Every structure is written in structure tokens, then in C-alpha cells.
2 protein chains.
Amino acid sequence: MKPAIPSGTRDFSPWDVAKRNYIFSVLKETFERYGYQPIETPAMENLETLTGKYGEEGDKLIFRILNSGEFFIDFLDEYINKKYFSNRSRPVSFKESFSNITLDALKKYLNTYNIVLDVKLLSSELTKFVSEKALRYDLTVPFARYVVQHQHEITFPFKRYQMQPVWRADRPQKGRYREFYQCDVDVIGSNSLLNEVELLQMVNEIFGELLPAINFSIKINNRKILKGFAELIGLKDRLEELTNILDKSEKTGVEKTVEELREKNLAGESNIAQVKQYIEKNLTASGSNEKIKYLQELFTGSPDGVQGLQEIDFVLKYAENLNIPVALDMVLARGLNYYTGVICEVKPVAVTLSSSICGGGRYDDLTGIFGLPGVSGVGVSFGIERIIDVMNELNLFNKLSLTVSSSKVLFVNFGPAEEKFCLPLVSTVRSAGINAELYPDHAKIKKQFEYADKKKIPYVAIVGSEEMQSGMITLKEMKTGEQKKMTVEQMIQELKNSL
Amino acid sequence: MKPAIPSGTRDFSPWDVAKRNYIFSVLKETFERYGYQPIETPAMENLETLTGKYGEEGDKLIFRILNSGEFFIDFLDEYINKKYFSNRSRPVSFKESFSNITLDALKKYLNTYNIVLDVKLLSSELTKFVSEKALRYDLTVPFARYVVQHQHEITFPFKRYQMQPVWRADRPQKGRYREFYQCDVDVIGSNSLLNEVELLQMVNEIFGELLPAINFSIKINNRKILKGFAELIGLKDRLEELTNILDKSEKTGVEKTVEELREKNLAGESNIAQVKQYIEKNLTASGSNEKIKYLQELFTGSPDGVQGLQEIDFVLKYAENLNIPVALDMVLARGLNYYTGVICEVKPVAVTLSSSICGGGRYDDLTGIFGLPGVSGVGVSFGIERIIDVMNELNLFNKLSLTVSSSKVLFVNFGPAEEKFCLPLVSTVRSAGINAELYPDHAKIKKQFEYADKKKIPYVAIVGSEEMQSGMITLKEMKTGEQKKMTVEQMIQELKNSL
């Protein structure tokens, strides 16, 4: 048997863990500096908590967990009972009535009770029956579930962060995994736009720490602006389709976008000029102020548009005061349907990856589905794996003095007497807070040095018969080959100085 | 819909997360001080990686993940094709041949091709078909899989630690969950007993930090001692049964243990005296040395016994030199079949919980099943949830100055002008490394103070029109009610001093 892991999943070796932990710690420290607190939810949720929240496509990508037991015969039995014997009692179940359970036995049983079994219906019922739990698909829905379930313990506005893996039965491809982490930070129970500003402040601080400023851009928009525009051009009922196409317009260009809108009957003689102008303005305007002026004129008759514009204006002004480089992107839509207000997105710049590395927005009624209506929330989510991809491409981990946790010193093991002598010494070194180890086997010295070299242990302590007599340790620096004799106290000082 | 989570799983609120993180950090720091490095493996493994490794009972407790798709009709079609058409071609599949897929249609199809379908066989095949992946059941088997898969990148001896959740379809009860963390630390690729000593040293250091010394005990034994004893009394082939009963003898007492051995035909006239003496010696001996003397006499003719005794003697002597309080427990067995050498267990003392909070041992050939034979490993596993239960009972978290990460200061929000004035001040405070937040809404002051109180934020900064004019901030300490006016620099100093 050749060992392997499921496609779309990954093992993380010590160096991978070090990179990931570094990013987690930057996020965690920033979140906490802004007063956000951590929560964690289970990997598995009840199926009904998740289904219906991510659209039809999303539902298909949820990993379901199989109920235990050899379930088919049991299911068939229960299914038949429920569907065909709900109004009459059955003297004996299918399972009990035949010692040899064949299709003929089943047929005979069904004939006895005059039942016509629909295999297609059975199939879809079976899928439901065999699974009642599923793996977390994102952190937002479990968070909404958490807020409702724990509403009486929570002080609102509730500022929480959550960094946990999610699972999606997506087709695996470069940069897309079936198991990956989401790092979410949300405020729930406050309508104030200050929350949007604060989130942007954190986003800017975090990426400012992780990436050079030229390598990321923060864009914002408002769902209400998109809604206002759709109303204006008579496409109120086709908002989703319109915004999906607009969202890509920066990439595809004005002409192709208009073409696609025409193909889908979203642009006709009456509104084509306005759509073109909207897209062009977004591409060519000198800055957010010019866009706002344009939208102010455009939206005179649209309450949604005006409201959206006011919100964006507030956020942009506050961001400017706080030196957060945020730009209005009038076509930015973000995919998720539950967003209702300001939305934002961070994209990497001047690297291979072009998809977003962070995004979020305001959702006005996410907890409503779980029975707690009228609670507004806003949050952003950071994509760890993509951030790592960008940092790898920019060679940033090497510029950080990031190291794999490793011993600072390896005590060579010459044999039984020496190892006995060394053990308390190693303990003393560790008590001083220095990572240290004694090679466990009486292996050839060459092999032990190779071990230190490969594990990037910078110092080797040599304690042979001579050192045992003198009580002095020979400390060798691996990089220079330099050797010095010293007491254990001197060694601790030397190792501390080199940290 | 009333929100809920699957039974046996838990949400962790900020205070729970703080407790758990504290224990994780003690473990992590100790592991790293001893030169162990972190790895992580995916939550889901291929089903064949896990099945057959945990015994029949264990296999039943593995959570399987459902393949996606409406699978029953597809499965039926494939099943029929594979089983009945492997030697002949079929002109049309069952799925294609009927627009209306009923059991009668299936029957007709089967009749056409002269097929008798066994529903029972179908049922067991179906279980296999619908699931190819499963959730991690422990960390040891994924670690063995990892070592074999990455053997060419690894420098042996490989010292790794791993702290991740595992899932078991066990019946939930107090202290037993369906999702829980394991924290494993192992050395693989070294036969040296120094590894056993080092692990015991870490175990002692970790519990010494987490618990008072009187509240835990470390016991060790050797599977070879148990094997030697079983051989000696003619029960070589019934080692597992024998050790399971011996393992409980401390609780059940000598008489009941002997009774149970008799009931299961494990003790007769020929060996009853020896078994009794063995159990009694374990209960009454004044210390490990007396037990060793007893075993030395007992094992003169048993190579396994002698070998096991030598190993235990080595470990005990080294442990004594290093002041690790370890006691030999001749009946300690540990459940897992893959252990072959020294085993150990930590139990809480003088608290409600009596089950182990840490355990492990040496396994001589765990990677063999994945194609890498002859690699010996040894490791221990820490049970986070049980450690927390014990610490809760002893009220230890309150004695630690453990706090939920929370803001140090809340800026009260009096209105639009004040919030604008405050935002850069909050930024300045945060830049000094102090967790701080501005209340996002223009809520009543009483509500804002209640928020600070409930969130345990120790200071409130009051900036009204007066403070805006003077440039001085009023800082109020929540506990004492004391108020002082100061500049933002003075405030930062004050808050830092109070940390």
C-alpha cells in the first residue's frame, strides 16, 4: 500500500507550519489589539444548519458525514414503513420476513402489500437518510448559528475572530484546496459605519505588515450603489446577473462587457449608453472623488443609490483621515448573496495571483435564518493559503528572520558514560530557556553532525572523556567550524548572545 | 429552526479558547525546548489508511465522509455492470433503459439479463462505495502515513509534535466527546531508551507546570514484562485478555481479579498462586526496586521478561538521576495493540476524574503497514479536555493570571464630532501595543459602561467637548471608579504600568 492523502488536502511539514503560524500570529495580534475575541466552532455542523445557505452550487460542495452502521437494508425498511405503512400497520417488516434478502424477496414483500417502489425517489431520500452531519463550509454560517445559540451569554456589539479550517468538495486545482483555513473577523449587533472603517484599518495594518505596500490594493463598494444603478437602468430584477458581469469588466474591458450584457439581454438601446459610461467612468476616473461626483448626479432619483453613496462617502472620508489607502470600485460586487451594504476586497498587485486575498462586507440579517432577526453584522475574511502564495512569490519569508523551531544546540552522544554525564547538562541548558537536545543513539560522529546540519541546529556541544574530566564543554559553531572550550554557564551565555 | 450542534461536539467561547490556548502553549514550548518540530496532517484521510488499524471496535467509530452526488442509481448501475457484466458487454445500462426508474423497471432489466440481485451484499458494497474518505481517528496512524510518504525529506531520528482535533463516533458522555484534541509527541527512527527518558522528562515538566505535584502520578511498565509473565504462566496466546484484566486489578482488588480470571479460564490450579502473587506484589511492594527484584527472580527463564526488565531498569535509573518521579506498575497495559516496549501513563490524583490524562509507549513497527518496516518509534499523547477538567476542579485557571484577550481601554462614543476626534487617539494607543477600541455606536453612556464592565475592559477613556477643547483625556478605572485627566502619552504610560 502506497501512502497518500485525499486530493485537495495537504500535509504541513515544520517549515510550512512556521509560515502559517507566522501569518496566524500577525492576524491574531492585530485582531486582539482592536478588541476582538476568539471563538471556535465544531468541524461538523448539523446538515440543516448548512444546507440552503450557500446557493444550489454551494450545497453540492458540502462534505457530508455518513451515519454509522450498515445502513441500506435498515433504510429500505424504514423508508417502506414510513412511506407505505403510515396509515396501516404492517404485521412484519421486510428485514424480518426474509432470512435471505434478495431482490426477489423484496419484490415478493412489495407485491404482498401492493407497493410500487420509485427507485429515483428512493435514491434522493437515501442521500438524506445516510447523512445528518456535514463539515463546516465557511465560518460565517456557523458564526451566525453560534450568535443565536449563545445570544444570552454574549455582550453586543460582539467582536469576534475565528481562524479554523473549512472543507469544500470543489475540484482541486492550483491554489484551490478541499481543506483550507479561513480567518474571519466580524462585529455583530452594531449598525455603525465605524465598524467598516475599523475593519479597513485592520486590513491595511495586516497587509502593511505582511506585504510591501505596492503589492496590494484595497477596494470598496456598496451593494446599495449596485442596486441603485440596476434600478436606474431598469434591471432591478436582474441585479445578480448584472453585477456578475460588471464585476469582471475591469479584466474584460468595456467592449466585451457590453457585448456580454447584450447577449444576455441586459443592455438594450434604452440603457446601453449609461452602462458604458458607468464602466468607463470606473476605469478612467482620476480617483474616488470623481466617481462620487458622477454617482451623485446619477442617483438624484434613487433612494438606494443615495443611501449607498452616503455610506461610501463616510467610509472614504474616515479612511482618508486615518491614512488608509482605499479606492472606490463601482463595479466590485463580491459573490455572496447575503451582503447588503459596504463591501471590500483586497487584491495582490504585480504578482501571478490575481484573485482576492481578503474580502468581506456588511450583511443585514444573517442571524434571521436561525431565529434572531434584525441584527446587522459586518466582517472580513483572510485567505491564508493565497497570502502565503503571494509571500512565497515575493520571497518574503526569507527576508523575515522566520525560522523553523529547532534546537539551538545538539549534544553529541559518544556512548553510555558520556550520555549519562550529558543528560543533566542538557537539562540545565533547557532550564535557561534554550532549545537543546542530546542525540539519542551511539551513532557515528559523522552521522550526528549530519543530523545537526540537516536540522539546521547552529551549535554542537562535544563532551568526550577529556571534557568529562575537565568539566569543560567543547562548543562548535556549525557555520564557521569554530570550536571553543567553556563551562556550561559560559555556554548558556554564548548561546543566548547568539539568539 | 432552533440552532444546535451535533451531540458530542462543542462551541468554544473566548474564555474556553483562552484556557485551551494556555495548555497548548505550555505543551508547544516544552516540546520545542526538547527539539521537537510541529507537523500537521489533513482532517480527512483515505479510508484505507485508517481502517484495520484500530481493531474491529475502532473501525466502527470512524466517521466516514460521503462521496458527493445522488449516488444510489449510479451505484446500482455500476454495481450491476461490474458484478454481472464483467465477462459480457451490455447493450444498454439500467439507468439509460428506463425513463421511469421504478423497482419494476429494475426487475424487468434484471430479468432480461437473468440476474439475481442479493440485497444484503448490495448493502455492504454500498457502504464502501459511498465513502472513500474518513475523518482522522487519532494522530498516530496519520503520523506513520506521513513518515512513510515523506521519508526522503525527513532527517531521522525524527522528533515531531502534532496538536490537532480527532473525531470518533463514540457515544457522547461526560468527558467524552466526538470531536476532541490530541497532542502527540513522538521520536521515530531511534531505538535508544534515552527517548523514553526524555519523554518522561517532558511529561513531568509539563504536568509540573500545569498541576500541583500531589495531583498527578506517572507510571511505567513494559509490554515485554507482561509478555514474559504471560509466557511464564502458560497464557502466551491469551496475552490481550490477561492484560486487560490485570490492568484493572488496582481498582477491582486481588480477589475479584482472580475471580474474573477464573471465569474466563485464564487461571487454574497450575498458575493461580503466581497470578495472585504478581498482583499482590504490585499492590503492596514498597517501591519500584522491590518489584524489580521480584521480577528478576521470576524471569530467570524468560528472554522477553529479562529484556523488558533491563529496559525498565534503565529508564527508572535515568529518571531517578533526573529527579523524575516515575513508578513501575507491573499491571499497567495501555489498550493499543501496537505498543511493544516501555509504556507509560499519567493519572490525576485526588480529583474526581480517574482516567488517564496522558499516555504512550514504544511501537516497533507502525510504519510497516505503509511499506517502511523496521523503524521503531516512541511517543506520548496528552488529553487536553481531561487536563482542563482536572484544572477546573482544582480551580487552577483562576490562580493563573489567565485572562481572555480583551481591550485594555474603551473610548466612549459621545457622537459624530467626538468619534472623529477619538479615532486617531485610539490608533496612537494601539500603536503603543495596547489593545483598545472605540464604542461603535452613539449609544447611551450607561450602555457603553455596561459593555466595558461585561467585557472586563479595565479602563474607559472619556472624551467629550471639554476634553476635545483641552486636549486632555479623562481616564476612568472601572474597578475603583477613580478618574484622572491626562494627555494621550500619559495615558499610554498609565495603561502600560498597569499591565
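Every value quoted in this text rests on a predicted model; they were computed, and no experiment measured them. To find a chain, count down the sequence lines: A is the first, B the second, and so on, and within it residues start at 1.
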- Is any side-chain N of the basic residue among Glu198(B) and Arg430(A) closer than 4.0 Å to the acidic one's carboxylate O? yes
- Query: Considering only heavy atoms from C-beta outward, does the side chain of Phe12(B) approach that of Pro38(A) to under 4.5 Å?
  - Reply: no
- Note on the structure: Under 4.5 Å to a heavy atom of chain A? For Phe180(B) that would be neither
- Option in Leu135(A), Ile39(A), Asn323(A), Asn46(A) with maximal non-hydrogen atom pairs under 4.5 Å from chain B: Asn46(A)
- Per-residue tally against chain B (heavy atom, under 4.5 Å) across Ser406(A), Ser190(A), Ala443(A) peaks at Ser190(A)
- Message: Quick check for you: among His442(A), Glu153(A), Glu437(A), which has the greatest number of heavy-atom pairs under 4.5 Å with chain B?
- Response: Glu437(A)
- Query: If every non-hydrogen atom of Ala4(A) is compared with every non-hydrogen atom of Gln149(B), which pair is closest and at what distance?
  - Reply: CA-OE1, 3.6 Å
- Message: Which atoms of Ile5(B) are under 4.5 Å from chain A, going by heavy atoms: the side chain, the backbone, both sets, or neither?
- Response: both
- Item | Non-hydrogen atoms of Ser427(A) and Leu322(B) that approach each other most closely | OG-CD2, 3.9 Å
- Query: Can you name the closest pair of heavy atoms from Tyr439(A) and Leu194(B) and give their distance?
  - Reply: O-CD1, 4.3 Å
- Query: Which of the residues Glu205(A), Lys159(A), Lys447(A) is involved in the greatest number of heavy-atom pairs with chain B at under 4.5 angstrom?
  - Reply: Lys159(A)
- Query: Who among Thr155(A), Val426(A), Leu410(A) has the most heavy-atom pairs with chain B under 4.5 Å?
  - Reply: Thr155(A)
- State the CZ-OG distance between Arg33(A) and Ser407(B), to the nearest 0.5 angstrom. 11.5 Å
- Query: If you look at every heavy atom in Pro14(B) and Gln37(A), which pair is closest and at what distance?
  - Reply: CG-OE1, 3.6 Å
- Query: Checking heavy atoms, do the side chain of Glu179(B), its backbone, both or neither come under 4.5 Å from chain A?
  - Reply: side chain
- From CZ (Arg178(B)) to CD1 (Ile65(A)), nearest 0.5 Å: 10.5 Å
- Rounded to the nearest 0.5 Å, what's the gap from CG on Leu66(A) to CZ on Phe63(B)? Could you check? 10.5 Å
- Does any heavy atom of chain A fall under 4.5 Å from the side chain of Leu110(B), the backbone, both, or neither of them? side chain
- If one checks every heavy atom of Lys317(B) against chain A at 4.5 Å, the contacting part turns out to be neither
- Message: Given heavy-atom pairs under 4.5 angstrom as the criterion, report whether the side chain, backbone, both or neither of Arg145(B) touches chain A.
- Response: both
- Query: Which one of Arg160(B), Lys420(B), Glu29(B), Lys454(B) has the most heavy-atom pairs closer than 4.5 Å to chain A?
  - Reply: Lys420(B)
- Message: Tell me the closest heavy-atom pair linking His150(B) and Asp11(A), and the distance in Å.
- Response: NE2-OD2, 2.8 Å
- Query: Which atoms of Val148(A) come close to chain B, meaning under 4.5 Å heavy atom to heavy atom: side chain ones, backbone ones, both, or neither?
  - Reply: both
- Can you say whether Trp167(B) sits under 4.5 Å from chain A via the side chain, the backbone, both, or neither, judging by heavy atoms? side chain
- Query: For Pro157(B) and Pro440(A), which heavy atoms make the closest approach, and how far apart are they?
  - Reply: CG-CG, 3.9 Å
- Query: Which answer fits Tyr318(A), side chain, backbone, both or neither, if we ask what part of it has an atom under 4.5 Å from a heavy atom of chain B?
  - Reply: side chain
